There are 2 protein chains.
Amino acid sequence: MEETKDQGLKLQIVEAAREVLLSEGYRNLSLRKIARRAGVSATSIYLHFEGKDDLVHALIEEAIARLNHRLEQAAGTTKGSPINKIEALARAYADFALEHPREYQVIYLVSSDEMTRYPKEKFRKARKGYELVIDVLKQGIQEGVIQKTKPGTAAYTFWAQLHGVMSVVLSKRLDTRINQNEFIEEAISHIVSGYRQQGSLEMDDIKEQRI
Amino acid sequence: MEETKDQGLKLQIVEAAREVLLSEGYRNLSLRKIARRAGVSATSIYLHFEGKDDLVHALIEEAIARLNHRLEQAAGTTKGSPINKIEALARAYADFALEHPREYQVIYLVSSDEMTRYPKEKFRKARKGYELVIDVLKQGIQEGVIQKTKPGTAAYTFWAQLHGVMSVVLSKRLDTRINQNEFIEEAISHIVSGYRQQGSLEMDDIKEQRI
DNA sequence: ATTACTACTTAACACTGTTAACCAAAGGAT
DNA sequence: ATCCTTTGGTTAACAGTGTTAAGTAGTAAT
């Protein structure tokens, strides 16, 4: 019953929790199930977490970290115009959501379910992806290819729009007549296009990389 | 215990359900609580609904209807350029979400919680707002002020982006340094700007109507 | 008058998050 | 060597959940 006893049960528990989440979905994520998988009693969870919400917050934190890692990777490998970079970030985001839907959805769980507010200190730690976009935006503004707006606010709207798009994709609310990948690509194109400085056309971004 | 016995309990139950939802939030929406408020036994709900999910679907349907009503209203009263109309729709959407956050959030519940799939026939009935945008987009394309894209897909991305924006606002994930209304206004501006035909500037839309 | 149906109820099941009470092992102090 | 306290876990129990099965009044039909 001991697979990962690093610094105690805590990690083992959140690992078990993630396993249950991925295999059974958030709806069937129960403390007893997690405990069983971790080879421990259900109430033991309360020795390491304040309650279920707290444990879920740990899951969220983890998921955000993974997403951010993915984004940093994309930002690092992409060279060229800020427009290109921002598109790469958007695609990385979309890909993560598509490949790990349940992990992605747990990130935005805090809102729809009225969970205990996600502690803002954890929030701060998780702002890496946000800052990535800010940097790219600043550079783009400097180069004159991106509209002159507050990068802080604009970065937020950027992620928010993307989230909305992936949210309707994952909830399968898309009209069956609409192709999913085409939809995502067009959404990304629109979002990026919304930040582009009017009149500064570049001919390498209306194309489709993904079919 | 009989306040609205129109065609039986069904309406009375969903009404009670909406009351509980609005006053206590989705998380505390339980069948027994609903039943108590409706002055009826908990199991009676199963005479009119397949289960809790089905009842929630009715709530969703209702919420969508209200939102659509609001959108139709906005579309009707706004005259002028398609750009103006599309902005008006966006604002109406945002206002609804701000004024009725719990009702709004229930609409997008289907995804985050892994609920029984929202039946697609109900879905079709609820597409009024979607079609409103399609019409405006078509007209805008014709007038040459909106990018030439498939209106069907574009309409979806439009709503998706808006949803994302309101989703992060309602989940209070916004950075405290960022003003909420300013954020919404800028997001709308970006979204609309993403559909605008490059080079066709109109000088009445970067302004702030809301402070 | 008896049957059948309708609209509802009560009882019960298996499960949930959470709290209280308990317990065994491990040191430390005397 | 014995007592005390702490640490890290346990089992038992509570109130509440969605859901199913069985039962029961009231009404309509024959």
Side-chain angles (χ1 to χ4, degrees), chain A residues 1-21 23-60 106 109-110 112-119, chain B residues 1-21 23-60 106 109-110 112-119:
Chain A
M1 295 295 177
E2 59 241 61
E3 315 180 35
T4 0
K5 46 149 95 176
D6 291 10
Q7 52 100 286
L9 276 192
K10 189 152 187 171
L11 280 99
Q12 197 172 330
I13 288 175
V14 22
E15 196 165 320
R18 195 184 59 246
E19 283 173 28
V20 176
L21 173 71
S23 65
E24 311 206 36
Y26 176 71
R27 227 198 185 193
N28 305 110
L29 185 69
S30 83
L31 291 183
R32 284 174 169 86
K33 224 176 269 184
I34 295 170
R36 211 178 306 138
R37 168 117 36 171
V40 86
S41 171
T43 53
S44 293
I45 296 179
Y46 286 84
L47 301 175
H48 301 273
F49 299 92
E50 284 180 25
K52 192 187 182 185
D53 279 4
D54 191 34
L55 170 53
V56 173
H57 283 159
L59 279 180
I60 295 179
V106 88
L109 207 65
V110 204
S112 57
D113 203 353
E114 305 206 344
M115 189 155 45
T116 305
R117 184 90 144 276
Y118 188 66
Chain B
M1 293 294 178
E2 59 241 58
E3 316 180 34
T4 1
K5 45 149 96 179
D6 289 10
Q7 53 102 286
L9 275 193
K10 189 153 187 172
L11 281 99
Q12 196 172 330
I13 288 175
V14 22
E15 195 165 321
R18 196 184 60 245
E19 283 172 28
V20 175
L21 173 72
S23 65
E24 312 207 34
Y26 176 71
R27 227 200 185 189
N28 305 110
L29 185 70
S30 84
L31 291 185
R32 284 175 170 86
K33 223 174 271 184
I34 295 169
R36 211 176 306 139
R37 169 117 33 173
V40 87
S41 170
T43 53
S44 292
I45 296 179
Y46 286 84
L47 300 176
H48 300 273
F49 299 92
E50 285 181 24
K52 192 187 181 183
D53 280 5
D54 191 33
L55 170 52
V56 173
H57 282 159
L59 279 180
I60 295 179
V106 88
L109 209 64
V110 205
S112 58
D113 205 352
E114 305 206 346
M115 192 154 45
T116 305
R117 185 89 143 274
Y118 189 67

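In what follows, every chain begins at residue 1, and chains take the letters A, B, ... in the order their sequences are listed. Given the structure is predicted, the values throughout are model-derived calculations rather than measurements.
Scanning all heavy atoms of the two residues, the minimum distance from I13(A) to F49(A) falls at CG2-CE1, 3.8 Å.
Between the CG atom of L9(B) and the C1' atom of dT6(C) there is a distance of 13 Å, given to the nearest Å. Atoms CG (D54(A)) and P (dG17(C)) sit 14 Å apart, rounded to a whole Å. Spacing between atom CZ of F49(B) and atom C1' of dA7(C) amounts to 15 Å, rounded to whole angstrom units. Regarding L47(B), its CG atom lies at a distance of 8 Å from the P atom of dT9(C), rounded to whole Å. When rounded to the nearest whole Å, the span between CG of L55(A) and C1' of dG17(C) equals 12 Å. Spacing between atom CD1 of I45(A) and atom P of dT16(C) amounts to 11 Å, rounded to whole angstrom units.
Both cation-pi conditions hold for K52(A) and Y26(A): the charged atom is under 6.0 angstrom from the six-membered ring centre and inside a 45 degree cone around its axis.
With E19(B) as the partner, the salt bridge (Lys or Arg N to Asp or Glu O under 4.0 Å) test is satisfied by one option alone out of R37(B), K33(B), R36(B): R37(B).
Summarising the local packing, CD of E50(A) is surrounded by 12 or fewer heavy atoms from other residues, nucleotides or ligands at distances under 6.0 Å.
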Problem - Per-nucleotide protein contact string for nucleotides 16-23 of chain D (B base, S sugar-phosphate only, - none; heavy atom under 4.0 Å) - result: -BBBB---

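Salt-bridge annotation for D53(B) and R27(A): present, with a side-chain N of the basic residue lying under 4.0 Å from a carboxylate O of the acidic one.
Rounded to the nearest 0.5 angstrom, E15(B) CD and L59(B) CG are separated by 11.0 Å.
Listed pair H48(B) / dC8(C) meets the phosphate criterion, a side-chain N or O lying under 4.0 Å from OP1 or OP2.
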